[in-house]
Amino acid sequence: MPVCFKAECLQPIGAFKIRGAWHRLTALDDPAREKGVVAFSSGNHAQGVAWAAKKLGIPAVIVMPADAPRVKRDATLAMGAEIVSYDRMTESREKIAAHLAHARGATLVPSFDDPWIIEGQGSAGIEAMTQIVEARLPDFANVLVPCGGGGLAAGLALALPDAEIVTVEPEGWDDMRRSLDAGWIEPVGDNPPPTACDALQTTRVSPLTFDVLSRRGATGLAVSEAEVRAAQRWAAARLRVVVEPGGAVALAALLAGKLDVKPGLLVILSGGNADPDAYAQVLAGKD
């Protein structure tokens, strides 16, 4: 049966985050634009906000973890954004960003806990549906989507109300999966394992994204680091696209046989901002 892939890794900033960032920043009035925006991100939302801010002439400050991939940090700086670093294991990016926004009178642009951001990310589903109709392919009823804070997954759930949404996270960071199973928000536990999926290292999902996904009956899956690397290699060999670890988790779940494949499956490849050295090792099979 056919499987459709939405290659958000081919976006101008290499990830779907451009959608929500553009949707949020274009809604700001002139006084708000003059005061600028503050965002927090490990890299993809950072680049989305930086890209949109540059296009619109808006000052942007991004709170990024000190261990963010260099390729993402450099790209964010290249688009003119200011970066404030923090330690993701000991400091709260939300508190730092909120303080900066208050001090500067800027607009806070969260990476997922925001209606505008969620709505913008959902445009990926509307676009995919249009493309599938134009290609005369069967309508999809199931969506496999990478999940960090849940903004993309929630947006897809709203944009595609008839589709079954399945979130995918790296093992040990699968708080959305556990939250959906439990019926309440379960944060990531103490001392989570290291993961190459930097884009999905969210320690607690937001009530907003959890509520949307819970009400829509979404379910979750978790994949191992080895399964993620195998998916990256498969995407390079079979699809001819570069997919970063966090962007490959949905594909990893499919290839690892984590779900019963039903007719009409859409798999989101959410980002392609892979660290060059780490990606080369993955392609070389150095697990």
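Every value quoted in this text rests on a predicted model; they were computed, and no experiment measured them.
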Contact check, side chains of W22 and W51, non-hydrogen atoms, under 4.5 Å
yes
What one should report as the nearest heavy-atom pair of E171 and P193 is O-CG, 3.6 Å
Side-chain donor/acceptor of E227 to backbone N/O of A252, under 3.5 Å:
no
(message) Main chain of G43, side chain of S41: is a donor-acceptor contact present, judged purely on distance under 3.5 Å?
(response) yes
Nearest heavy-atom contact between R24 and W116 is CD-CB, 3.3 Å
Taking every heavy atom of G247 against every heavy atom of P146, the minimum-distance pair comes out as O-CG, 4.0 Å
### Query
If you measure from the Lys or Arg side-chain nitrogens to the Asp or Glu carboxylate oxygens, is any gap between D198 and K72 under 4.0 Å?
yes
Here the side-chain hydrogen bond (donor to acceptor under 3.5 Å, both in side chains) pairs for residues 134-154, sequence neighbours left out, are none
When the side chains of residues 175-183 are checked against the rest of the protein, which donor-acceptor pairs come out under 3.5 Å, sequence neighbours left out?
from : atom 1 : to   : atom 2 : distance (Å)
D175 : OD2    : V205 : N      : 3.3
R177 : NE     : D174 : OD2    : 2.7
R177 : NH1    : D181 : OD2    : 3.2
R177 : NH2    : D174 : OD2    : 2.8
R178 : NH2    : P187 : O      : 2.7
S179 : OG     : D175 : O      : 2.6
S179 : OG     : E186 : N      : 2.7
S179 : OG     : E186 : O      : 3.4

Q.
Tell me whether E164 is salt-bridged to R216, with the criterion being a basic N under 4.0 Å from an acidic carboxylate O.
A. no
key: Salt bridge present between E82 and R104 (N-O < 4.0 angstrom)   = yes
Exactly one candidate in V109, T107, L56 meets side-chain contact (heavy atoms from CB on, under 4.5 Å) with L28; the answer is T107
Exercise for the section: For Q201 and T195, test the side chains for any donor-to-acceptor distance below 3.5 angstrom and give the result as yes or no. Expected result: no
Notebook entry, point to check: Any side-chain heavy atom of I83 sitting closer than 4.5 Å to one from S85?
Noted result: yes
*asked:* Count I, L, V, M, F, W, Y as connected when their side-chain heavy atoms are under 4.5 Å apart, and connections chain through other members. Are V145 and V168 then in the same cluster?
replied: no
- Taking 4.0 angstrom as the limit, do R33 and D29 come out as a salt bridge? no
Taking only Lys NZ, Arg NE, NH1 and NH2, and the carboxylate oxygens of Asp or Glu, determine whether K17 and E8 approach each other closer than 4.0 Å. no
Quiz item: Is the count of non-hydrogen atoms from other residues, nucleotides or ligands lying under 6.0 Å from K35 atom NZ greater than 12?
Solution: no
task: Keeping the roles fixed (side chain from E119, backbone from P115), state whether a donor-acceptor pair exists under 3.5 Å.
output: no
